[in-house]
> 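Here it is, the structure in full.
Proteins come first, then strands; the chains are lettered A, B, ... in the order of their sequence lines, and each starts at number 1.
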Protein chains: 6
Amino acid sequence: MPMNGFACKPPQSVTPNDFTFSGLNKPGDTANPAGFKVTLVTVDQIPGLNTQGLSMGRLDFGPGGVNAPHIHPRASEMLIVMEGSLEVGFVTTLPETKLITKVLQAGEAFVFPQALTHYQRNVGKGPAVAISALDSQNPGTQRVVAAVLGSNPKLPVEVVAKALQADNNVAAQLLSKFK
Amino acid sequence: MPMNGFACKPPQSVTPNDFTFSGLNKPGDTANPAGFKVTLVTVDQIPGLNTQGLSMGRLDFGPGGVNAPHIHPRASEMLIVMEGSLEVGFVTTLPETKLITKVLQAGEAFVFPQALTHYQRNVGKGPAVAISALDSQNPGTQRVVAAVLGSNPKLPVEVVAKALQADNNVAAQLLSKFK
Amino acid sequence: MPMNGFACKPPQSVTPNDFTFSGLNKPGDTANPAGFKVTLVTVDQIPGLNTQGLSMGRLDFGPGGVNAPHIHPRASEMLIVMEGSLEVGFVTTLPETKLITKVLQAGEAFVFPQALTHYQRNVGKGPAVAISALDSQNPGTQRVVAAVLGSNPKLPVEVVAKALQADNNVAAQLLSKFK
Amino acid sequence: MPMNGFACKPPQSVTPNDFTFSGLNKPGDTANPAGFKVTLVTVDQIPGLNTQGLSMGRLDFGPGGVNAPHIHPRASEMLIVMEGSLEVGFVTTLPETKLITKVLQAGEAFVFPQALTHYQRNVGKGPAVAISALDSQNPGTQRVVAAVLGSNPKLPVEVVAKALQADNNVAAQLLSKFK
Amino acid sequence: MPMNGFACKPPQSVTPNDFTFSGLNKPGDTANPAGFKVTLVTVDQIPGLNTQGLSMGRLDFGPGGVNAPHIHPRASEMLIVMEGSLEVGFVTTLPETKLITKVLQAGEAFVFPQALTHYQRNVGKGPAVAISALDSQNPGTQRVVAAVLGSNPKLPVEVVAKALQADNNVAAQLLSKFK
Amino acid sequence: MPMNGFACKPPQSVTPNDFTFSGLNKPGDTANPAGFKVTLVTVDQIPGLNTQGLSMGRLDFGPGGVNAPHIHPRASEMLIVMEGSLEVGFVTTLPETKLITKVLQAGEAFVFPQALTHYQRNVGKGPAVAISALDSQNPGTQRVVAAVLGSNPKLPVEVVAKALQADNNVAAQLLSKFK
């Protein structure tokens with residue numbers, strides 16, 4: 001499904017900067033509860049990505065850092081570990097709901113199929129870094145637990161309880177603590 | 001992203017049954033914890049859907065029944081309420097994570113954009129029924145909380161805890177109770 | 001082939017009404033010569049369908065009512081009979097020009113492949129109702145006999161005669177009576 | 001909507017003949033009731049068209065010859081008149097059902113949008129020739145009046161009558177004479 | 001990869017001229033060093049090609065004329081020789097870099113797969129003419145040697161030398177003479 | 001334009017190794033005339049890339065190393081410099097044939113639009129490394145000068161001369177020395 005693009009510049013007026021982005025050499029700041037930081041470079045950062053069906057990102061993980069389960073609704077993703085050890089995984093659709101998981105070392109690549117829930121976790125002792133590619137100029141990201149517990153406004157407690165296979169009290173407590 | 005199709009029959013040998021499916025007049029059995037039943041008709045049920053980019057489904061809800069938050073990784077969805085009252089909603093991507101929600105009466109239609117987490121809940125006193133359409137012959141379904149708490153094998157407890165913004169004990173308890 | 005879409009709203013300003021349409025619970029008025037009425041819900045009715053590759057419709061048939069042979073130039077179609085008995089059919093391309101036809105009861109689904117001439121007819125004693133899905137936000141409809149006999153301005157009589165395998169008098173008579 | 005392709009040959013074993021078709025220099029035989037002959041070159045004739053999204057054809061018209069109203073369900077078409085004078089036209093979708101028509105001389109090009117009913121007629125004194133291009137390796141062709149009057153088996157007379165806005169007698173007569 | 005289109009006219013206001021182009025009957029002027037002239041008809045010439053995924057061209061060759069090796073970055077191409085004898089060829093990707101070549105006579109068709117380097121040469125004694133089709137409304141053309149030797153500004157001499165597998169002197173000489 | 005994929009495995013039998021590739025941590029061997037080595041990871045290396053529209057690669061450059069001008073016929077490309085300094089550039093289509101060029105440092109990203117001729121060159125004193133992403137599971141690569149001077153069999157000398165805007169002697173000499 002194509003997303004609407006931006007207007008294309010006439011070829012006479014494009015400049016190198018329309019195709020460039022800087023700053024991916026700086027480690028992302030992982031001093032946050034997740035111990036994780038992503039820097040995505042999409043058509044919002046590089047106008048020349050318009051109509052080109054691509055974006056890339058840099059993922060930084062502190063020790064134990066987690067890129068919590070999420071989807072990209074409009075893209076498949078592939079990543080290469082540049083440094084450290086990453087446990088990665090995605091979950092297949094119903095009825096299997098099978099976890100496909102692997103511990104990757106630097107130099108290993110992995111594929112997360114279109115819009116399936118997936119995560120990465122730093123299982124090494126030092127920082128971990130990965131470079132990822134997505135096949136959309138505007139892939140979008142949705143953390144799936146945050147979509148259920150942390151939307152604005154919140155989902156009804158009964159819906160969350162059914163999703164958790166728990167009672168309303170458990171759901172209410174999780175909802176109330178989620179920032 | 002196209003999924004691989006099935007081989008096409010030669011036109012001389014196709015029959016009406018290659019394009020037909022029966023049984024959507026029977027209410028789905030909602031005597032289950034979710035109070036909900038979906039009957040999807042995809043290329044697995046109708047070979048003639050091959051290459052046609054479509055599938056449909058019937059959704060049945062008992063009173064209070066919930067189609068828990070889920071995604072279709074390869075499709076957008078549109079539904080029409082045929083009977084009863086349905087609260088429907090979807091959540092937008094980061095950074096907004098905004099819930100777009102509406103209570104629909106019979107005869108009202110709603111759209112769930114490509115692969116975004118969405119749910120439906122029966123908010124009427126009797127049963128509710130909806131007919132939905134998806135723009136893929138093989139849309140797939142993933143319940144997002146089940147993907148996080150109920151995969152096979154289970155996700156690591158630390159990953160689930162980070163996703164829940166909770167500690168490992170809370171995560172472990174939720175994981176252990178999820179069927 | 002993608003059709004040009006409309007501009008996308010920024011996520012901050014979308015509202016539930018951008019994704020909703022009301023009124024499909026009312027039976028369409030079939031007090032017309034065809035005994036048939038369709039209510040289509042496309043991107044013209046629901047702005048949120050933009051880029052989502054989908055539309056839906058409600059089809060109402062009085063007894064004997066006919067949705068005359070037509071095509072959707074930019075979509076495949078799938079329908080489910082909700083009430084009554086519908087005879088449906090589509091015709092394959094050259095050289096077979098084979099009619100694939102079936103009588104459907106309530107709860108039966110059928111697929112009309114991309115842009116092939118197809119029709120539906122109420123063969124029951126009461127009204128018939130169907131819900132259909134199309135894999136385009138803007139599928140378009142062309143009644144094929146009306147395109148030949150009822151265009152504005154009219155086609156040349158010689159062209160119509162060749163199409164009918166009839167002489168010019170027969171063609172002229174049919175053309176003159178078509179409204 | 002993509003149609004399923006054929007298997008691709010390994011690059012080592014492709015030969016020039018996989019990409020070639022001969023014989024379009026011979027005028028098509030127009031000694032038939034329509035005074036028209038088309039020679040289409042699709043993936044059935046050139047295996048190397050597989051996945052390339054293209055086909056071409058040669059159209060020959062005797063004086064007064066007509067390529068009766070038809071659609072290509074999976075393609076747009078563009079043609080260039082090589083010799084003679086062709087009247088061409090297509091009809092837009094509902095609600096306009098507008099005929100867009102033009103008389104073309106040699107060297108003039110015209111576009112028929114995706115799957116809309118269109119025709120060509122030789123309005124010169126000698127033969128007319130055109131070369132056409134279609135954006136599908138397997139565009140398909142359906143003559144729309146033949147689909148209604150000449151399918152195999154025939155459509156019900158009541159459906160044809162409704163389509164013609166005529167009574168059953170007129171429809172039955174047209175159906176019985178159509179070969 | 002879809003290119004951004006132009007705005008679509010409302011159906012009420014389209015005219016036949018929106019779908020027409022004239023002048024392809026005039027031979028292109030081949031009195032130039034290449035002995036070759038192409039006249040492309042794209043969405044820039046025919047607004048009605050917008051969203052239709054097609055363009056066409058007329059190719060004229062004087063005796064010995066050459067359409068030098070080039071690519072269309074956004075299209076596959078198919079051509080039919082209308083007059084004369086054309087040697088045609090395309091080169092496959094790495095690692096084969098295989099030349100697929102054929103001498104075509106009038107009435108023969110050939111396919112150049114998506115964005116591969118290809119050429120045509122008049123190997124007859126008189127003029128040669130071909131009609132080509134491309135599956136994009138905006139295919140683009142890049143002469144590959146001109147891209148390396150004749151860009152504006154010029155490529156670095158070291159890059160050109162590596163491409164030529166020659167030393168910098170050879171590269172500098174070729175660069176300096178290329179207009 | 002979609003390329004034919006491979007058959008999809010049933011979800012029950014997929015394993016993590018279907019989605020994994022190892023070895024991108026080892027520097028490519030740049031002890032060759034180009035001073036350059038690419039390691040591409042496509043559907044040939046990772047079966048799980050099938051239908052996912054993506055591939056990635058690691059590019060290694062010795063000092064002065066050059067990835068000579070080339071195209072990917074079925075993909076756009078984006079790269080991030082991981083180490084060293086890379087001069088990158090692509091050339092636009094006719095009539096501009098404009099070189100868009102930039103010197104990138106580690107952490108800078110650049111986009112090469114669909115199938116346009118582009119190159120990279122190490123302009124630093126040490127090695128340079130980049131990670132690239134392409135939006136096709138099977139992008140293909142064609143070095144454009146090698147396609148003209150080094151195909152198998154060779155192109156006719158007259159065609160090469162026209163491409164070079166040189167005489168046949170110059171063309172013959174370049175052809176004879178190209179390996």
> Rounded to the nearest 0.5 Å, how far does CE of D:Met78 lie from CZ of E:Phe19?
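Spacing of CZ (E:Phe19) from CE (D:Met78) equals 12.0 Å.
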> Quick one: are D:Gln52 and E:Asp135 in side-chain contact, heavy atoms under 4.5 Å?
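Sidechains of E:Asp135 and D:Gln52: no contact.
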> What parts of residues 54-69 of chain D touch chain E if we use heavy atoms and a cut-off under 4.5 Å?
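At a heavy-atom separation under 4.5 Å, chain E is reached by D:Leu54, D:Ser55, D:Met56.
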> Name the option with the most non-hydrogen atom pairs under 4.5 Å to chain D; the candidates are E:Thr15, E:Asp18, E:Leu49.
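The residue among E:Thr15, E:Asp18, E:Leu49 with the greatest pair count is E:Leu49.
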> For the interface with chain E, which of D:Val14, D:Ile46, D:Val41 has the highest count of heavy-atom pairs at distances below 4.5 Å?
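Answer, by heavy-atom pair count under 4.5 Å with chain E: D:Val14.
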> So, taking the atom named CG in E:Asn25 and the one named CD in D:Glu83, what distance separates them when rounded to the nearest 0.5 Å?
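Reported value, rounded in 0.5 Å steps: 12.5 Å.
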> Could you tell me which of E:Pro11, E:Gly23, E:Ser132 has the largest number of non-hydrogen atom pairs under 4.5 Å with chain D?
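Ranked by heavy-atom pairs under 4.5 Å with chain D, first place is E:Pro11.
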> Starting from the C-alpha separation in whole Å, work towards a yes-or-no answer on side-chain contact (heavy atoms from CB on, under 4.5 Å) for D:Thr51 and E:Gln114.
CA-CA 9 Å; D:Thr51 77; E:Gln114 161 78 16; over 6 Å; no
> Among residues 89-111 of chain D, which ones touch chain E with a heavy-atom distance under 4.5 Å?
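Heavy-atom contacts from residues 89-111 of chain D to chain E are D:Phe90, D:Glu96, D:Lys98, D:Ile100, D:Thr101, D:Lys102, D:Leu104, D:Ala106, D:Gly107, D:Glu108, D:Ala109, D:Phe110, D:Val111.
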> Working to the nearest 0.5 Å, report the span between CG of E:Leu79 and CD1 of D:Ile131.
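One gets 11.0 Å once the value is rounded to the nearest 0.5 Å.
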> For E:Lys37, does the NZ atom have more than 12 heavy-atom neighbours from other residues, nucleotides or ligands under 6.0 Å away?
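It does not: E:Lys37 NZ has 12 such atoms or fewer within range.
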